[in-house]
Amino acid sequence: MSESVVSEIKRKYMHKLAQANKRIDGRSFNEYRPLRIETGIIKKAEGSAKVELGNTKILVGIKLEQGEPYPDTPDSGVLTTNAELIPMASPEFEAGPPDENAIELARVVDRGIRETEVIDLEKLCIEPGEKVWIVFIDIHVLDYDGNLFDASSLAAIAALLTAKVPNERFDMGEDEPLPIKNDPPISCTFVKYGGVIAVDPCLEEEIIAEARLTVATDKDGNIRAMQKGLSGSFTIDEVRKIIKAAVDNGARIRKILNESTGRENGKEN
Amino acid sequence: MSESVVSEIKRKYMHKLAQANKRIDGRSFNEYRPLRIETGIIKKAEGSAKVELGNTKILVGIKLEQGEPYPDTPDSGVLTTNAELIPMASPEFEAGPPDENAIELARVVDRGIRETEVIDLEKLCIEPGEKVWIVFIDIHVLDYDGNLFDASSLAAIAALLTAKVPNERFDMGEDEPLPIKNDPPISCTFVKYGGVIAVDPCLEEEIIAEARLTVATDKDGNIRAMQKGLSGSFTIDEVRKIIKAAVDNGARIRKILNESTGRENGKEN
Amino acid sequence: MSESVVSEIKRKYMHKLAQANKRIDGRSFNEYRPLRIETGIIKKAEGSAKVELGNTKILVGIKLEQGEPYPDTPDSGVLTTNAELIPMASPEFEAGPPDENAIELARVVDRGIRETEVIDLEKLCIEPGEKVWIVFIDIHVLDYDGNLFDASSLAAIAALLTAKVPNERFDMGEDEPLPIKNDPPISCTFVKYGGVIAVDPCLEEEIIAEARLTVATDKDGNIRAMQKGLSGSFTIDEVRKIIKAAVDNGARIRKILNESTGRENGKEN
Amino acid sequence: MSKKPEDLKLIDENGRRIDGRKPDELRPVKIKAGPLYRADGSCYIEWGNNKILAAVYGPKETLPRHEQHPLKAIVNARYNMASFSVEERKRPGPDRRSIEISKVVGEALEHIILVEKLPRATIDINIEVLDADAGTRCAGLTAAAVALADAGIPMRDIPVACSAGKVDGQVVLDLCKEEDNYGEADMPVAIAPRKKEILLLQMDGHLTPQEFDEALELAIKGCEIVSKLQKEALLEKYIKEVGRENE
Amino acid sequence: MSKKPEDLKLIDENGRRIDGRKPDELRPVKIKAGPLYRADGSCYIEWGNNKILAAVYGPKETLPRHEQHPLKAIVNARYNMASFSVEERKRPGPDRRSIEISKVVGEALEHIILVEKLPRATIDINIEVLDADAGTRCAGLTAAAVALADAGIPMRDIPVACSAGKVDGQVVLDLCKEEDNYGEADMPVAIAPRKKEILLLQMDGHLTPQEFDEALELAIKGCEIVSKLQKEALLEKYIKEVGRENE
Amino acid sequence: MSKKPEDLKLIDENGRRIDGRKPDELRPVKIKAGPLYRADGSCYIEWGNNKILAAVYGPKETLPRHEQHPLKAIVNARYNMASFSVEERKRPGPDRRSIEISKVVGEALEHIILVEKLPRATIDINIEVLDADAGTRCAGLTAAAVALADAGIPMRDIPVACSAGKVDGQVVLDLCKEEDNYGEADMPVAIAPRKKEILLLQMDGHLTPQEFDEALELAIKGCEIVSKLQKEALLEKYIKEVGRENE
């Protein structure tokens with residue numbers, strides 16, 4: 001994003017730091033920024049979470065509406081994920097329909113939740129073939145200082161884990177918790193620049209990054225999703241190293257997620 | 001609109017005129033331009049009216065179609081207002097979807113009609129919750145020489161007052177007049193420039209205007225809608241003075257409206 | 001298209017050639033380029049045809065879906081034609097919604113098929129007023145070297161003549177051939193430049209062409225459609241001469257079409 | 001060209017058409033030059049039940065500059081139907097039909113404008129159909145030509161358009177709505193009348209080469225009648241203006 | 001202003017409103033200056049159940065250059081509702097309502113910015129409604145004004161907004177959702193408090209001239225209360241920053 | 001990765017897959033370089049039932065100029081599915097899936113182009129899926145790489161792509177449609193074969209780290225087989241051209 005406007009001087013400076021085993025914000029290469037998750041903050045939403053990852057701030061709101069199921073899954077609720085890179089979050093973001101960056105972000109978050117079957121979509125069927133719950137995950141990027149993939153994915157999951165089905169609004173009885181099926185995957189993103197690999201890149205690192213790899217892992221240390229980005233390449237060994245680090249970081253992040261969503265004991269609904 | 005292209009010289013000249021208590025087209029500051037309303041001119045439309053206000057020309061056409069009501073008002077017809085600032089009317093207007101000026105115009109005209117309940121929407125229900133009449137008000141600006149708000153609002157009202165429900169076209173019996181509920185509000189627009197306040201601005205005045213205020217009043221002299229525009233400000237006293245003038249002008253305009261729509265005696269359908 | 005970028009030199013050279021009774025690719029003025037039609041090449045489509053006309057390559061795919069009929073023809077299937085001038089085919093084509101050239105192309109092809117009633121749309125009614133087959137003709141221009149009108153029209157017709165109704169995909173029994181009603185019209189396009197009229201223009205001729213005329217004729221030598229294009233004019237005599245040539249070329253092209261679609265004996269379904 | 005109801009006769013036993021006209025008779029046509037204040041040139045036409053306004057802006061500098069043509073003026077035509085101009089309300093904005101008509105009408109008019117005298121300029125032609133009956137493209141082109149003349153755009157001639165077609169097997173002039181819907185062919189034609197150059201020519205339906213010749217001749221005859229009305233409208237405006245100046 | 005259910009009383013026998021407030025009482029308002037990292041200036045406001053963020057970017061060079069204004073800064077305001085901020089999910093992107101609000105809020109704020117000191121520049125104002133109750137345009141404008149000050153944009157004053165209206169025949173301050181839906185008039189007002197200049201004024205419903213005077217006076221009173229909270233929020237941030245610098 | 005019907009077996013008792021292949025067996029792949037006339041480089045690929053065309057235009061000057069990159073070429077990839085290439089007709093134009101694929105494929109190819117040798121230039125890569133089976137992004141990237149070479153774009157290597165995945169608990173190469181729908185993981189991989197650099201890597205499903213290693217190895221093996229076919233296709237075209245020149 002906007003690579004051409006960054007001076008070569010800055011790039012060279014950061015490469016030099018990398019050679020000296022240093023990051024521009026003083027972290028070690030395997031150090032995640034401070035992470036804060038807050039849920040249930042939007043009254044009008046069925047679920048919501050704000051994630052602060054360093055200076056990056058993401059707000060995710062969940063809305064449930066009723067609609068028709070897809071013809072090929074008449075017994076299942078529908079999941080749809082949208083990301084808005086609003087101009088508030090960065091001078092580089094422009095108003096208008098989602099661009100390729102917003103679309104990639106929404107699709108990666110969506111696949112992580114969908115493929116792992118975090119939500120029990122079959123329990124969101126109201127009338128088979130006729131009426132089901134549609135779960136809208138809306139990712140609102142408020143402040144952009146790098147690593148939207150991890151922050152957005154976490155915020156979406158935290159919002160889902162604490163969301164409700166709004167039966168009352170539709171005169172269908174009392175609200176109930178959104179049915180959760182599987183433990184969510186934890187996404188962990190790495191970038192490569194100047195010969196080093198850094199976890200949880202801040203914006204200045206993203207701007208000069210050559211390649212990016214996001215790995216989502218489950219609580220058993222298995223891989224649930226991967227997404228490589230940018231025009232640089234990885235060696236096979238680098239990928240293996242990243243997977244290992246993603247599993248390690250994933251466990252720590254999962255703990256924070258569980259604490260902030262009242263799932264400390266790891267028990268599932 | 002296009003302020004930057006007007007020479008400062010013109011602005012200064014008009015300010016000088018204003019100090020000498022003169023307007024560029026010779027009118028007094030409380031003088032409305034000649035107003036002409038013609039109805040029933042479009043054969044294919046259910047109602048239509050052409051308003052000529054000085055050189056400004058507006059054509060409004062009314063179409064009625066059948067559709068679903070809004071879920072929260074299952075017993076009511078639907079009203080929808082659209083304004084097209086077509087390139088025919090001015091070299092500044094561009095083809096394409098309505099811009100913010102067209103949208104503000106449509107919304108102000110719409111609110112005036114909707115909030116005062118000019119149309120009896122409940123009589124436009126065909127089958128509760130299933131099928132109602134949808135009233136489309138389409139404002140077509142043909143020639144732009146200032147004060148679109150008043151001219152469009154008048155044309156929309158004149159077209160509605162003389163419109164029919166096209167029962168025949170839908171094999172539902174004979175056509176009947178569109179049910180009118182309340183006496184329409186009359187919109188009156190003022191601009192401020194160079195220390196003076198002028199009613200019914202022509203285009204040259206609009207270009208240099210600092211602030212604009214539209215006040216819609218009913219036949220009892222009450223205020224039914226206001227819309228301030230442009231980046232200048234008004235004092236409280238200026239607003240009071242404008243309201244008084246809007247009531248006075250409103251009575252004169254209402255007379256012309258009633259004459260041209262066959263409502264001379266003020267009797268309502 | 002991109003006239004302004006062609007050097008005047010090229011234009012003058014081609015005018016000189018024309019005076020010497022020569023075309024830039026060596027053909028005579030009434031000579032069509034080699035034509036090759038291949039059908040049934042896209043497995044996922046209900047019908048498909050690739051037309052190679054000189055270097056111009058067009059792929060047309062037919063899809064049938066189910067949907068509602070138009071209210072005024074409740075017993076008829078629906079025909080819809082779309083053309084995509086994809087950037088693959090020419091450096092002048094841009095991604096995005098169809099421009100005026102693509103729209104004119106699609107509409108001319110569509111009218112030729114619709115007005116002649118090539119498809120028996122009444123046989124494509126499934127449930128009157130409720131459900132009918134919608135026939136999608138999608139014209140995909142792959143390689144653009146002039147005369148898209150004739151090549152696209154031929155490809156669309158060849159694809160239709162060999163298409164099937166996908167009953168199996170909708171659990172409605174076995175697939176059957178798309179019902180064909182009338183013999184298709186054959187479109188033949190001419191351009192005028194430097195005082196001559198040339199059939200089947202290549203791209204270099206189209207760029208400098210002053211006027212274009214497409215004439216579609218049926219097997220009895222009658223005129224079924226005409227479309228004049230570009231900003232030049234024709235005399236009445238030129239139009240008459242073109243019609244004559246369109247009938248002659250049409251017969252030859254029809255033979256190739258029938259051979260490649262298995263309609264050699266001219267018998268209709 | 002929809003399927004005709006079986007009992008519908010478009011030509012009666014006396015050879016009269018469904019609206020009472022003879023085969024070679026035009027609908028009533030009224031033309032007024034210069035009705036608009038802002039436009040550089042304008043024209044209002046009533047042609048049968050069609051009501052159409054045309055406005056011309058230009059010549060003006062083409063902007064942004066990289067779109068300028070160094071050798072000639074760019075002619076943009078925009079044909080638009082008001083949403084209330086048709087039986088069932090039309091969504092505002094261009095549909096595929098109006099984009100095609102804008103293209104063919106613009107190309108036809110461009111031929112007659114001395115574009116090479118106006119390099120780097122743009123001429124915008126706006127055609128607004130306010131009330132639509134059959135034949136709007138011919139009426140719109142005819143009005144646009146008057147608006148161009150009213151704007152003082154240099155032209156070789158004043159184009160004019162009229163359609164002919166085939167109805168119940170008979171070649172007729174200037175099809176009305178029912179004839180357009182249920183006839184066998186419709187053929188809009190625009191010409192530059194001075195040299196009878198054909199500027200616009202479209203056809204759908206079924207014509208033998210002989211019928212085509214007949215229809216083309218008829219359409220040109222219609223064009224020549226309307227051409228006179230165009231010139232009268234321009235003259236009337238000119239006389240009024242001169243009158244005003246002499247007051 | 002929907003049709004009121006017949007048994008709904010918006011003012012009770014003690015003169016209390018449906019949410020317990022007195023007629024001239026504001027909902028609780030909390031303002032925080034500078035919560036965002038990337039923006040040049042920002043503000044978070046909670047006003048009743050409204051939760052709104054405002055961010056300002058600029059002044060920066062207007063690009064592309066041909067859009068620069070040679071004599072003043074261009075002020076772009078963008079009011080946006082998050083799709084989850086309302087009862088029924090809103091489709092992302094601007095609708096007609098938010099386009100109108102962006103326009104009137106931007107015009108109101110432009111008046112108070114010293115735009116003539118920043119020729120060729122652009123100032124972007126973003127207002128994001130995260131949780132919506134009635135009165136978002138007033139709360140959003142109020143937050144945007146703080147964000148502008150936080151960004152160090154030169155201003156003549158700090159604008160502030162508040163609505164008044166009529167409910168069950170009574171003029172009241174700062175309508176809540178039910179009052180907005182079933183009341184008789186709603187009138188958002190924005191002022192520059194120093195000289196009581198009226199920057200934004202909209203009204204729908206039914207007010208006699210006397211009621212209008214009363215409502216305007218009440219709205220201005222509300223503005224003045226909120227204006228103090230704006231200044232406290234800016235002061236608090238200033239004190240924090242000074243404190244940090246002195247550490 | 002939809003829910004698998006219970007009685008569906010994707011691997012039979014003999015270890016054969018649903019289309020008869022062995023776990024490490026590719027579908028039939030045919031590549032033809034240079035089938036298009038207008039494009040600067042092109043390639044047609046058939047991979048199983050996939051039929052895909054790729055075309056390259058460039059390097060050409062980036063326009064408008066303010067979008068030029070002073071230090072390198074801009075690489076634009078556009079992956080598009082023809083509306084008739086899938087079971088249920090697809091609306092023309094880019095959907096979210098094709099926008100994402102365009103992005104990841106373009107980024108992968110950019111790495112291998114010597115963009116720094118072509119400052120201010122643009123290279124446009126068009127991938128048109130004409131008939132779609134599983135694995136279109138791998139087949140499309142593979143074809144695009146051949147088209148780039150055919151266009152004479154300077155490259156460090158010729159990229160190639162192939163997917164691996166997991167089906168009925170077994171790691172397999174090059175998933176077909178049923179395996180993609182009902183398998184446990186799909187992982188498209190693109191590499192620069194000379195140094196085995198990983199250019200594209202996506203995965204959805206469930207893999208243990210061991211399975212991932214196995215799948216990656218298998219995908220690279222598949223890439224190497226297809227890489228040979230790419231080079232043969234380019235050689236064949238080269239020989240034909242030389243032959244023609246020597247005639």
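All values reported here derive from a predicted model rather than from experimental measurement. Residue numbering restarts at 1 for every chain, and letters A, B, ... go by the order of the sequence lines.
Side-chain contact between F/L130 and C/L142: present, with at least one pair of heavy atoms (C-beta onward) separated by less than 4.5 Å. C/T56 is not listed as a side-chain neighbour of F/Y37, based on a closest heavy-atom distance of 4.5 Å or more.
With a 4.5 Å cut-off on non-hydrogen atoms, C/N82 touches chain F through its side chain but not through its backbone. Contacts between C/K57 and chain F at a heavy-atom distance below 4.5 Å involve the side chain alone, from C-beta outward. Heavy-atom distances place the backbone of F/P35, and not its side chain, under 4.5 Å from chain C.
With chain F as the partner, the residue from C/G61, C/S48, C/P166 showing the most heavy-atom pairs under 4.5 Å is C/G61. The candidate with the highest count of non-hydrogen atom pairs below 4.5 Å against chain F, out of C/I86, C/I42, C/L64, C/I41, is C/I42. Of the listed residues (F/V56, F/N126, F/I125), the one with the most heavy-atom contacts under 4.5 Å to chain C is F/N126.
Of the inter-residue distances, the one linking F/S85 atom OG with C/H140 atom NE2 reads 8.0 Å to the nearest 0.5 angstrom.
Of all heavy-atom pairs between F/N49 and C/K43, the closest is ND2-NZ, 3.2 Å. Residues F/Y57 and C/P91 come closest through the heavy atom pair CE2-CD, 3.4 Å.
In the displayed structure, F/K103 atom NZ is contacted under 6.0 Å by more than 12 heavy atoms of other residues, nucleotides or ligands. Summarising the local packing, CZ of C/F170 is surrounded by more than 12 heavy atoms from other residues, nucleotides or ligands at distances under 6.0 Å. By the neighbour-count criterion of 12 heavy atoms within 6.0 Å, atom CD of C/E176 is densely surrounded, having more than that number from other residues, nucleotides or ligands. Within 6.0 Å of atom CD in C/E68, 12 or fewer heavy atoms from other residues, nucleotides or ligands are found, so the atom counts as exposed in its surroundings.
For residues 52-63 of chain F, the salt bridge (Lys or Arg N to Asp or Glu O under 4.0 Å) pairs, not counting sequence neighbours, are F/K60-F/D124, F/E61-F/R65.
When each of F/R89, F/E87, F/E88, F/K51 is paired with C/K44, the side-chain contact (heavy atoms from CB on, under 4.5 Å) condition holds for F/E87 and for no other.
Using a distance-only test at 3.5 Å, with no hydrogens or angles considered, a donor-acceptor pair links the side chain of F/R38 to the main chain of C/Y144. The main-chain N or O of C/M88 is never found under 3.5 Å from a side-chain atom of F/R78 such that the two would form a donor-acceptor pair.
Residues passing the side-chain hydrogen bond (donor to acceptor under 3.5 Å, both in side chains) test with C/S90 are C/E92, sequence neighbours excluded.
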